[in-house]
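Structure first, commentary second.
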Amino acid sequence: MRRIAAPLALLLASTACTTMETTPVSTAVGPDRMVSPILTSPEAVDTLTYAQPQVARVTHVALDLALDFDSKRVGGTAELTVLAAPGAQEIVLDSNGLEIEQVTDGAGRALAYTMGEPDPRGGKGAPLTITLDGAETLRIAYRAPADASALQWLSPEQTKGGVHPFLFSQGQAILNRTWIPTQDSPGIRQTWEARITAPEPLDVVMSGVRQGEPESLGNGRRAFTFVMDKPVPPYLIAIAAGDIDFKAIGPRTGVWAEPATLDRAWREVNDTEEMVVAAEELYGEYRWGRYDMIVLPPAFPYGGMENPVMTFLTPTFIAGDRSNNGLVAHELAHSWSGNLVTNAVWGDSWLNEGVTTYFENRIVEAVYGKQRAEQEAALMFANIQETLAEVGEDAPGTALSTDGGYQLGSAIAYDKGAFFLRTVESVVGRERFDDWLRQWFDNHAFQPATSELFYEDMMANLVQGEAEAQALMLREWIFEPGLPANVAKPDPAAFATVDAAVTAYGATGAIPDAYTQWSSAERQRFLDNIPKQRSADQLATLDRALGLSGTGNNEELFLWLELALANRYQPAVPQVEAFLAEVGRAKFVRPLFQVLWDQGDWGQPIAQRIYADTRGGYHAVTRAGVDAIVGEPAQ
């Protein structure tokens, strides 16, 4: 998943690691169905699930669901294949608001079940405990609630086409339990299949391979069938439905989008096949068959989500010049780090995001050149420095591995994780490092992992001798806060010209003539580093000279709007209002509301007015972040 900014409180957590063990499991259940191991060491225990997978676990999910756009509900059946320890009496699933109608076994025999008390802190939901009575198959008839946090139902007015409604899901980290009854933990991988019915003429895509053409049911509805025959963490089961079309890029790549967006999206991601080839040359075979993408309406709360075979993307990355295509590289890299090898618990999310961010930068270097890769790495390093300056070098949440749950999108999990691997590469050499990382993916494919396992693998298969072990400082990087002294800093020459222009602007107000010829990374560096206190005249001059309010690059537009609001620049308010009414990407939305709120009697009324109009159109993830700033408006 491409990052969003995280509340600083989420960074403050401690670390805990011990030795790794796995439970023995069979390698197949059913016809050629792969089953992944469960990790049982203390640091692999997921506190965000009610499941007890060492007693009984789900290995396969078969969904048969109907999409009801009028009631904004999903309902039908989930058939679960269960692998239980000898003598196991029950299985515990995760549920958050699910309405269970009946549970039967494979022969239709009713099974007893209880729904436990919901977690008073919210988010975790409640345990659904089912008496097995010898059953190896469970058939659960149920409906998801209308306010299921994983699902966002868009009215036609919230789409580009304006005629048909739209639905998309977002499962990470623990939201899929609001629409699928299963064991919702990244360490409990499951194969799955689905039959989804939807009203014509909508198309449905999922993070599984579509099986043939949709079937007309003769009642104004069609049925779509999907299969994912490789075990995945359940947060990667995803769905989207709407008025969407497809355009191929290469033999195994293509993009879906609303018709009004499709051509722009296709041009923006047209080098994706080249990226897949570059990724394979780095770290081995792409194992998922196709790599397709869907560009969703702008309400999608993230930059991207790495759902297998169907990456979900925000349209806000489309700039017309592929300058934000590091996003595509990032989600593609997740096909190895995150999807192929997955953190067993969310406190080790750097194993997904940090490794992926490093891999993303290597793809960018291979496809777009070393200069762009170094500039983007320098932006990452600045994120780390800003975070450490704000929370403190010793803040326990600045360790890569924490026991504090999932740090959503922090500069630590993503950027410190990437710089850890850059540092290891600089010590052992790129060739040896690449050989090691490739074998990590190969030897742990379709399995969960922990920080301790990653460390032990490095010590066993990469590190050569005690002197090198000391030079690498592996335990300091993974388990201790702050930034170790051996960090391989980015090349200071990457932004030498831009940094000189920042200094000149700060001293004399000189606006760089070369700004429009700079790369997007260079423009972002300039906007993010010029003096933060600006007068209305200075802001107007800057906007006129650089065309900031007219840029088609949302990363740059966001930096301009943030600067303008921080200086109470009234001419920017209408554009902020329009931007927040259309865009639901939390990376942009939450900070803009925060800067408005920080402006007290000037900004808070503006924030309240905008949020009263926009809250209902935001995904639950975005709403939760803004609610914490502004509070929920009165209805």
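These numbers were taken from a predicted model, which means no experiment stands behind them.
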Given side chain to side chain contact (heavy atoms under 4.5 Å, CB included), test Leu596 with Gln604 step by step and report yes or no. CA-CA 6 Å; Leu596 277 171; Gln604 290 183 11; over 6 Å; no
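- With Thr261 contributing its side chain and Ala257 its backbone, the two residues share no donor-acceptor pair below 3.5 Å.
- Smallest separation of non-hydrogen atoms from Pro531 and Tyr505: CD-CD2, 3.9 Å.
- Defined by atom type and a distance below 3.5 Å, a donor-acceptor pair is missing between the side-chain atoms of Thr178 and Asn96.
- Residues meeting the ring-ring contact (aromatic ring centres under 6.0 Å, His included) test with Phe381, sequence neighbours left out: Phe419.
- No side-chain N or O of Asn307 forms a donor-acceptor pair with one of Ser207 less than 3.5 Å apart.
- Annotation: cation-pi pair Lys247/Trp266 present, NZ/CZ under 6.0 Å from the ring centroid and within 45° of its normal.
- Of all the heavy atoms in Leu154 and Ala299, the pair that sits closest is CD2-CB, 3.9 Å.
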Side chain to side chain donor-acceptor pair (under 3.5 Å) evaluation trace for Asn553 with Thr551: CA-CA 5 Å; Asn553 187 309; Thr551 178; 5.6 Å; no
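- Counting non-hydrogen atoms of neighbouring residues, nucleotides and ligands closer than 6.0 angstrom, the CD atom of Gln371 reaches no more than 12 such neighbours.
- Using a 4.5 Å cut-off on side-chain heavy atoms (C-beta onward), Gln538 and Leu542 make no contact.
- When all heavy atoms of Val74 and Leu151 are compared, the closest pair comes out as CG2-CD1, 3.8 Å.
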Evaluate side chain to side chain contact (heavy atoms under 4.5 Å, CB included) for Leu561 paired with Leu592, printing each intermediate quantity in order. CA-CA 8 Å; Leu561 295 177; Leu592 290 179; 4.1 Å; yes
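- Taking each heavy atom of Gly97 and Pro145 in turn, the nearest pair found is O-CD, 3.3 Å.
- Note: Tyr414 and His330 meet the aromatic proximity criterion, with ring centroids under 6.0 Å apart.
- Among pairs with a residue in residues 293-304, none fulfils salt bridge (charged side-chain N to carboxylate O under 4.0 Å, His left out), at least two apart in sequence or across chains.
- Between Phe246 and Trp256, the ring-plane angle classifies as tilted under the 30° and 60° cut-offs.
- The existence of a salt bridge linking Asp119 and Lys124 is excluded, since no basic side-chain nitrogen approaches an acidic carboxylate oxygen closer than 4.0 Å.
- Counting only heavy atoms from C-beta outward, the side chains of Leu483 and Ile384 approach each other to under 4.5 Å.
- Judged by distance alone, the side chain of Arg73 and the main-chain N or O of Ala144 form a donor-acceptor pair under 3.5 Å.
- Using a cutoff of 4.0 Å between basic side-chain nitrogens and carboxylate oxygens, Asp528 and Lys532 are scored as salt-bridged.
- With respect to the salt-bridge test (charged N to carboxylate O, under 4.0 angstrom), the residues Glu393 and Lys416 do not qualify.
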I'd like to know whether Ser349 forms a side chain to side chain donor-acceptor pair (under 3.5 Å) with Asn343, so could you lay out the CA-CA distance, the side-chain angles of the two residues, the decisive distance to 0.1 Å, and finally the verdict. CA-CA 6 Å; Ser349 61; Asn343 49 235; 5.2 Å; no
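- Every residue two or more places apart in sequence or in another chain that forms a side-chain hydrogen bond (donor to acceptor under 3.5 Å, both in side chains) with Gln375 is listed here: Ser519, Glu522.
- Proximity of a side-chain donor or acceptor of His334 to a complementary backbone N or O of Ser337 within less than 3.5 Å is detected.
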Side chain to side chain donor-acceptor pair (under 3.5 Å) for Asn176 and Asp184? Distances and angles first, verdict last. CA-CA 7 Å; Asn176 267 358; Asp184 188 15; 5.5 Å; no
Go through it in stages, so that I can follow the logic: the residues are Val391 and Thr398, the test is side chain to side chain contact (heavy atoms under 4.5 Å, CB included), and I'd like the CA-CA distance, side-chain angles, deciding distance and then a yes or no. CA-CA 8 Å; Val391 304; Thr398 63; 3.6 Å; yes
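- The salt bridge (charged side-chain N to carboxylate O under 4.0 Å, His left out) pairs that include a residue from residues 548-573 are Arg523-Glu556, Glu555-Arg585, Glu555-Lys587, Arg568-Asp601, where partners are two or more places apart or lie in different chains.
- Applying the side-chain hydrogen bond (donor to acceptor under 3.5 Å, both in side chains) test to Thr159 and every residue at least two apart in sequence or in another chain returns nothing.
- When Gln158, Lys160, Glu582 are each tested for a side-chain contact (heavy atoms from CB on, under 4.5 Å) with Pro298, only one passes: Glu582.
- Side chain of Asn361 to backbone of Ala373: a donor-acceptor contact under 3.5 angstrom is found.
- When only modelled atom types and interatomic distance are considered, Gln524 and Ser520 share a side-chain donor-acceptor pair under 3.5 Å.
- Shown here for Gly417 and Leu400, the closest heavy-atom pair between the two residues is N-CD2, 3.5 Å.
- In summary, the aromatic rings of Tyr235 and Trp346 are positioned with their centroids under 6.0 Å apart.
- Here the side chain of Glu360 pairs no donor or acceptor atom with the backbone of Ala329 at under 3.5 angstrom.
- Tested against Met275 for a side-chain contact (heavy atoms from CB on, under 4.5 Å), the candidates Asn325, Val364, Val269 yield a single pass: Asn325.
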Side chain to side chain contact (heavy atoms under 4.5 Å, CB included) between Phe526 and Ile530, worked out: CA-CA 6 Å; Phe526 179 80; Ile530 58 176; 3.6 Å; yes
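- Separating the CD atom in Glu374 from the CG atom in Leu379 is a distance of 11.5 Å, to the nearest 0.5 Å.
- Judged by distance alone, the side chain of Asp321 and the main-chain N or O of Ser323 form a donor-acceptor pair under 3.5 Å.
- The pair Arg372-Glu365 does not meet the salt-bridge criterion, since no charged nitrogen lies less than 4.0 angstrom from a carboxylate oxygen.
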Under the criterion ring-ring contact (aromatic ring centres under 6.0 Å, His included), I'd like the reasoning laid out for Phe166 against Trp153: C-alpha separation, chi angles, the key distance, then a yes or no. CA-CA 6 Å; Phe166 205 103; Trp153 304 85; over 10 Å; no
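- Side-chain N or O atoms of Gln170 include none that pairs as donor or acceptor with a backbone N or O of Ala150 at under 3.5 Å.
- Going from atom CE of Met206 over to atom CD1 of Ile239 covers 4.5 Å, rounded to the nearest 0.5 Å.
- A donor-acceptor pair shorter than 3.5 Å cannot be found between the side chains of Tyr302 and Thr314.
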Take Thr357 and Glu353 through the test side chain to side chain donor-acceptor pair (under 3.5 Å) and record every step on the way to the result. CA-CA 6 Å; Thr357 302; Glu353 301 298 353; 5.2 Å; no
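- Under the salt bridge (charged side-chain N to carboxylate O under 4.0 Å, His left out) criterion, no residue pair touches residues 533-544, with sequence neighbours excluded.
- Taking the six-membered ring where the residue is Trp, the centroids of Phe593 and Tyr611 are separated by under 6.0 Å.
- Looking at Ser185, its side chain never comes within 3.5 Å of a backbone N or O of Asp46 through a donor-acceptor pair.
- Looking at every heavy atom in both residues, Ala572 comes nearest to Ala564 through CB-CB, 3.6 Å.
- Aromatic ring pairs are classed by plane angle as parallel below 30°, tilted from 30° to 60° and perpendicular above 60°; the pair Phe579 and Phe588 is tilted.
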